[in-house]
Amino acid sequence: MTFYFGDLLPFSSQLAAALWVSIYITLIAMAVGSGFGVLLYLGKAGTLPVVPQVSSAYIEVFRNTPLLVQLYLIYFGLPELGVNLNPTWAGIVALTLNNAAYTAEIYRAGFESVPGGLVEAGRALGMRGSQVFRHVVFMPATRNVFPALTNQFILLFLASSIASIIGLPELMNSILNINSETYRTFEILAVGGLLYFVVSGVFALGSKAMESYLFRWGVRSRA
Amino acid sequence: MLRSFGWQDLEALLRGALWTLALCVTSGILGTVLGLALGLAATSPSRVARWVAYVYVYVVRGIPLLIIVFFAYFGIPLVFPGVALSAFATAVIALTVFSVAYMTEIFRGSINAVPQGQLEAAEALGLSYALKYRYVVLPQAMRIAVPPGIGFLIALIKDSSLVTVIGFVELTHAGTIVSNLTANPILTYSVVAAFYFVICYAVSRLGRWYERRTGVRSEPLGTDAQPATLQLEGV
Amino acid sequence: MIVVKDLHKKFGSNEVLRGIDCEVAEKEVVCLIGPSGSGKSTFLRCLNGLETITSGTVSVNSHMVSDSRTDINVVRRQVGMVFQHFNLFPHLRVVDNVTLAPTKVSRVPREQARQKALALLDKVGLADKTHAYPGSLSGGQQQRVAIARALAMDPTVMLFDEPTSALDPEIVGEVLTVMQTLAREGMTMVVVTHEMGFAREVADRAIFMDGGVVVEEGPPAQVFGAPRHERTSNFLSKVL
Ligand SMILES: Nc1ncnc2c1ncn2[C@@H]1O[C@H](COP(=O)(O)OP(=O)(O)OP(=O)(O)O)[C@@H](O)[C@H]1O
Ligand SMILES: [Mg+2]
C-alpha cells in the first residue's frame, strides 16, 4: 500500500477549526469543572448535614463509570426528561461534570498537604474561614497539585475526542468525516494522532512554564 | 417493535459486562507482560532500548485511545488484507497497545523506586544483571507496582467502553442495543453505569485491601492511574 | 488585661490543662517556662481561641474568649501571635504577608496598610526585604516578618510560642532584640521561651508550668535564682 497525504490538503482548514473546537471545549470543561471540583471537595470535607455524603457519592459515581456512558445518559437520557442538548452542549456538560469529580480528588490531596500552621496563622490574625481558604490555603494547595491538574487537563483534552461519538464536531469527528470522504484512512489517522500528540505536548510544556511563573515563590512541598 | 425493559435486557447487559471483563482481563494481562518487558527496556543500560520505550510511551499517551481503536479497526485489514480478525481480537489489540504504554510507565516507576542501595548490595554480591533483576529488583518492584496497576485496571475497564465504536458488543454497546429496543435510555444506561460501578468499585476495594495488607501505598496522586505528569524532558 | 480563671483543657480524655489561674496586666511581660508537654502551647492557644476551652473562663480586654457567643475574630484582631515555625504565607511577598490581615480583616485601605507595613518592616530591620518571598529568607528574617505581620493589626497583646527555638543559635539574638524593643515600648506580652537570659532581662514575671498546672511564679530573678519548688529547680538544672 502507498501513502498519499496530498488528498488531505483541502481539509486542513477544517481540521484546524475542529482542533480549535476540541481545545475550547476542553478549556471550558477544565475551568468550570475545576471550580465545581473545589466546591465538591469543600462539600465533602465540610460539616454540613448530608452534603458530604452527596459529594462523596457524586465523586465515586463519576470516577467509577465511563465518560462515554455519562455522555450517553446526558445526550440520550436527558431528552426523556424534556431537556434537549445539542451534541456540543451535551459534550461540554459531560466533560465538565466528569472533570469535576477528578479535580475534587486532586484538590483534596492539595488541601491536605497544606501545613496546618498556615491555617492557624490566618486564624490567629482574625480571618474568617472563607478568608483563610481564599487568601492563605488556596495558592499553596494549588501549587502542590499543579502538575496533577495540568495532567488532568491533558487527559481531558484527549478524552474530549469521545464526544465525537455523539457527533460533537471536534477534531476526532472531523478526522472520521475526512476518512469517509477520502478513504485515506492511515493518513488521516496519522495526521489526527499527530495533532493530538503535538497539542498535548505543547500543553505540557506550557504548563511547565506556567508553573514556574505562577509559583516562583517556592518549590513544591510534599506533605 | 418497542418493548419495555425486562429480564432479557438485564441478561443482555450482564453478558455485555462479562465481555467487558474478558476484554479487560485479556488486554490487561497482555499489557502487563509486554509492559514489563518495555519497562525493563526503559530502565536498562542500553540507550537504544530506553529510547524505544520512551518513544512508545510518549506517543501512545499523547494520543486519544479512539485513534488507536480506529487504527486497529481500519489499519489491520489494510496491512494484512487476508486476515479477517474478529471484533474481539481487534478490540484486544487496541486495548493492549494502550495498556502497554501505561504499564511500562508503572513498571519503570516501580523499578526506579527500588532503593539504590538494594542494587548496590546485589552488585556487591557479584550478581549478574539478570540475577540482580530476577531476585532483587523485580520482586520488590512488583509489590510497588500493584497499587498503580490496579488503578490502571480501573481506568482500562472504563476506557474499554470506547471499543463500542467498532461494533464489539461489550457492556456499553449492549446498552446501546437495549436502549434502542426499549427506547428507555435513562434506565438502560443507568443499569450499564451501575454494572461499571460495581466492577470498578470492587477492583478498587481489592486495591485498598492490598495496600492495607502489605503497607504498600500508591503515590498520593497516583491512585487513579492518573499517570505522573506527561514529561517531555528526559527522553 | 488577660484574666484566666480555673482553665481546664482536655484532648479527649487527656487533661492537658488542669485548672490554671492567671492574670496579665497591661504592659506586663510574662515568660512561660516548663518542660515539654506541660501545656504551655495549649495555654497560649486558649488565649486567642485557637483551642476550644473545656471549662473555666478566659477573658482578654474584657472579651470573654471562653464564651461561644463572643465573636472570636474580634478578640484575635487585638491579640497577635508568633509561632515557633513562623508560618509565613509562602505565596505572598513579605509586604503582602504584612498587609493581608489589615486589608482583608480590618478593611484598611491598601495604601495605608502598605505604608504601615513598610514602617513595621523597617522597625524589625527588614526594609530591604519587602519584596522578597518568605522562602528566600533566613529563619531569623522570617520570624521578624512574622512579628511585623502580627503587629500590623495593632494588637494590644502579643503571644509568642517559642519564637526562637527553630532558629540557629547565632540568629536568635536578632529576634530577641526586636522582642525586647517591643517590651520596652510597653507591649503586653506572653512569651513561651527557654531563653533564660531574655526572661531575666525583659520579663516582669516568670511562670513555671508542669503537668498542666502553674507550679510557681514570681519575678524572674527569684524563680530562676531561688526557686521555691523542687520541680522548678529540677527543670532549671536541666535547661541551664
Ligand atoms: N491537638 C491535640 N490533640 C491531642 N493532644 C494534644 C494536641 N495538642 C497538644 N496535645 C497534647 O497536649 C499536651 C501538651 O502539649 P503542648 O503543646 O501544650 O505542650 P508544650 O508545653 O507546649 O510542649 P513543648 O515544649 O514540646 O512545645 C501534650 O501531651 C500533647 O500531646
Ligand atoms: Mg509548645
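Residue numbers start from 1 in every chain, and the chains themselves are labelled A, B, ... in the order their sequence lines are given, proteins ahead of strands. The figures that follow rest on heavy atoms only: side chains count, while hydrogens, waters and symmetry mates do not.
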message = Given heavy-atom pairs under 4.5 angstrom as the criterion, report whether the side chain, backbone, both or neither of A:Leu67 touches chain B.
response = neither
task = Report yes if the side chains of A:Val69 and B:Leu171 come closer than 4.5 Å at any heavy-atom pair, otherwise no.
result = no
key: Which atoms of A:Ser164 approach chain B - backbone, side chain, both or neither, heavy atom under 4.5 Å   = side chain
ask   = For B:Tyr102 and A:Leu155, which heavy atoms make the closest approach, and how far apart are they?
value = OH-CD2, 4.3 Å
query = Just how far is it from atom OG of B:Ser161 to atom CD1 of A:Ile165, taken to the nearest 0.5 Å?
reply = 7.5 Å
ask   = For A:Tyr183, does the OH atom sit with more than 12 other heavy atoms under 6.0 Å from it, leaving out its own atoms?
value = no
Chain A contacts, top residue of B:Ile63, B:Val198, B:Ile186 (heavy-atom pairs, under 4.5 Å) = B:Ile186
query = So do A:Phe76 and B:Thr188 actually touch side chain to side chain, heavy atoms under 4.5 Å?
reply = no
task = Can you see which heavy atom on B:Cys200 is nearest to which on A:Asn64, and at what distance?
result = CB-OD1, 3.4 Å
query = Taking every heavy-atom pair that is under 4.5 Å apart, which of B:Ile157, B:Ile199, B:Asn184 has the most such pairs with chain A?
reply = B:Asn184
note = Okay, A:Ile162 and chain B: the region with an atom under 4.5 Å from a heavy atom over there is both
remark   = Okay, A:Leu195 and chain B: the region with an atom under 4.5 Å from a heavy atom over there is neither
key: Heavy-atom contact with chain A under 4.5 Å, split by part of B:Thr164   = side chain
message = If I measure from the heavy atoms of chain B, does A:Glu60 come under 4.5 Å with its side chain, its backbone, both, or neither?
response = both
request  = Examine distances only and state if a side-chain atom of A:Thr65 and a backbone atom of B:Ala193 form a donor-acceptor pair shorter than 3.5 Å.
outcome  = no
ask   = Out of B:Val165, B:Val192, B:Asp159, B:Leu162, which one pairs with A:Leu68 under the side-chain contact (heavy atoms from CB on, under 4.5 Å) rule?
value = B:Leu162
ask   = Which atom names give the shortest non-hydrogen contact between A:Ala190 and B:Phe71, and what distance separates them?
value = N-CZ, 3.7 Å
inquiry  = Quick check on the interface: out of A:Leu158, A:Asn179, A:Val198, who has the most heavy-atom pairs with chain B under 4.5 Å?
reply    = A:Leu158
B:Ser190 and A:Leu73, any side-chain heavy atoms less than 4.5 Å apart = yes
request  = Might you point out which heavy atoms bring B:Lys158 and A:Arg63 nearest each other, and give the distance in Å?
outcome  = NZ-O, 2.7 Å
message = Quick one, A:Leu176 with B:Phe70, criterion side-chain contact (heavy atoms from CB on, under 4.5 Å). Give me CA distance, side-chain angles, the key distance, then yes/no.
response = CA-CA 9 Å; A:Leu176 295 174; B:Phe70 283 122; 3.6 Å; yes
ask   = Is atom OH of B:Tyr73 surrounded by more than 12 heavy atoms (other residues, nucleotides or ligands) closer than 6.0 Å?
value = no
query = Which region of A:Thr185, side chain (C-beta onward) or backbone (N, CA, C, O), has a non-hydrogen atom less than 4.5 Å from a non-hydrogen atom of chain B, or is it both or neither?
reply = side chain
